[in-house]
Amino acid sequence: TLRTLPVRSTGPVLINELLADNDNGDLDSKGEAEDWLELLNTSAADYDLSGHYLTDDIGEPKKWEFPANTKILAGGFLRIWCDNEPGDGPLHASFKLSDEGEEVFLIDTDARGNLVLDGILFARQKSDRSYGNVPDGGPHIYYLWEPSGGAPVTGTGPGKVVPMDRRRTGSPGGTDL
């Protein structure tokens, strides 16, 4: 088999940030610290995600379908809880993100051929450190010490973001260089 990954999309909707090991971060409506990903609408118009899908397995592109009338405002963010608990609410996906690393994809509608609109392959994650674009929607992916799910990335000074480097995922003891 031959495996290829999509070229990073330029919009209008991007996977902007994700947190695959949420221990002490934001809580969902049930008060649980769950994995999440954030979408960003880079366009000047609202975007309707009805009929789109998210998946963590490209072999199963229709793993979780966005509920009807799910919209992202122009320039806005939308957080999806990746907790494999769809009964917890409309924006709770039917899969979890692996803190050991994996892939996640945004898939277009059936009517438009289920094309991959965006995808991220991410490496091992550390607790409460997200992985995303800085600046929002930008081409560079970083580990973020202060996850911002559902809001613009803030605090990009020293010690706040670190460029993605597959060799540098942090030590088991929690020390970062």
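If you're wondering where the values come from, they're calculated on a predicted model, not measured in any experiment.
Once rounded to the nearest 0.5 Å, the distance linking CG of D46 with CD1 of I72 reads 9.5 Å. Atom CD1 of I120 is separated from atom CZ of F105 by 10.0 Å, given to the nearest 0.5 angstrom. Once rounded to the nearest 0.5 Å, the distance linking NZ of K96 with CG of N84 reads 7.5 Å. Put simply, CG on L27 and CD on E34 are 9.5 Å apart, with the number rounded to the nearest 0.5 Å. Interatomic distance, CG of L40 versus CZ of F77, reported as 5.0 Å (0.5 Å rounding). Rounding to the nearest 0.5 Å places OG of S127 at 6.0 Å from CG of N24.
Looking at heavy atoms from C-beta onward, F66 lies in side-chain contact with L39 at the 4.5 angstrom threshold. Under the 4.5 Å side-chain criterion, counting only non-hydrogen atoms from C-beta, E85 is in contact with E32. Counting only heavy atoms from C-beta outward, the side chains of F122 and E102 approach each other to under 4.5 Å. Side-chain contact between L106 and V116 is absent, with no heavy-atom pair separated by less than 4.5 Å. Here the side chains of N22 and D128 are in contact, with some heavy-atom distance below 4.5 Å. Using a 4.5 Å heavy-atom threshold, the side chains of D108 and N114 count as separate.
Partners of Y47 under the ring pair (Phe, Tyr, Trp, His ring centres under 6.0 Å) rule, at least two apart in sequence or in another chain, are H52. Evaluation of the side-chain contact (heavy atoms from CB on, under 4.5 Å) rule for E100 yields S98, R124 as partners, not counting sequence neighbours. For P67, the side-chain contact (heavy atoms from CB on, under 4.5 Å) partners at least two apart in sequence or on another chain are W64, T70, P90, L91. Remark: S43 engages N41 in a side chain to side chain donor-acceptor pair (under 3.5 Å) (not counting sequence neighbours). Under the salt bridge (charged side-chain N to carboxylate O under 4.0 Å, His left out) criterion, K62 pairs with D110, not counting sequence neighbours.
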Trace of the side-chain contact (heavy atoms from CB on, under 4.5 Å) decision for V13 with L117
CA-CA 8 Å; V13 177; L117 297 177; 6.0 Å; no
Derivation and outcome, side-chain contact (heavy atoms from CB on, under 4.5 Å), residues D35 and L18:
CA-CA 8 Å; D35 302 346; L18 61 86; over 6 Å; no
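Residues D83 and K30 are not paired through a salt bridge, judged by the lack of any N-O separation under 4.0 Å between the basic side chain and the carboxylate.
Closest non-hydrogen pair, S50 versus N69, comes out as OG-N, 2.6 Å. Considering all non-hydrogen atoms of both residues, D23 and A33 come closest at O-CB, 3.7 Å. Residues E65 and G51 approach most closely at OE2-CA, 3.5 Å, considering heavy atoms.
The salt bridge (Lys or Arg N to Asp or Glu O under 4.0 Å) contacts involving residues 48-61 comprise D56-K63, where partners must be two or more places apart or lie in separate chains.
Here the options are L78, L54, T109, the test is side chain to side chain contact (heavy atoms under 4.5 Å, CB included), and the partner is L49; only L78 passes.
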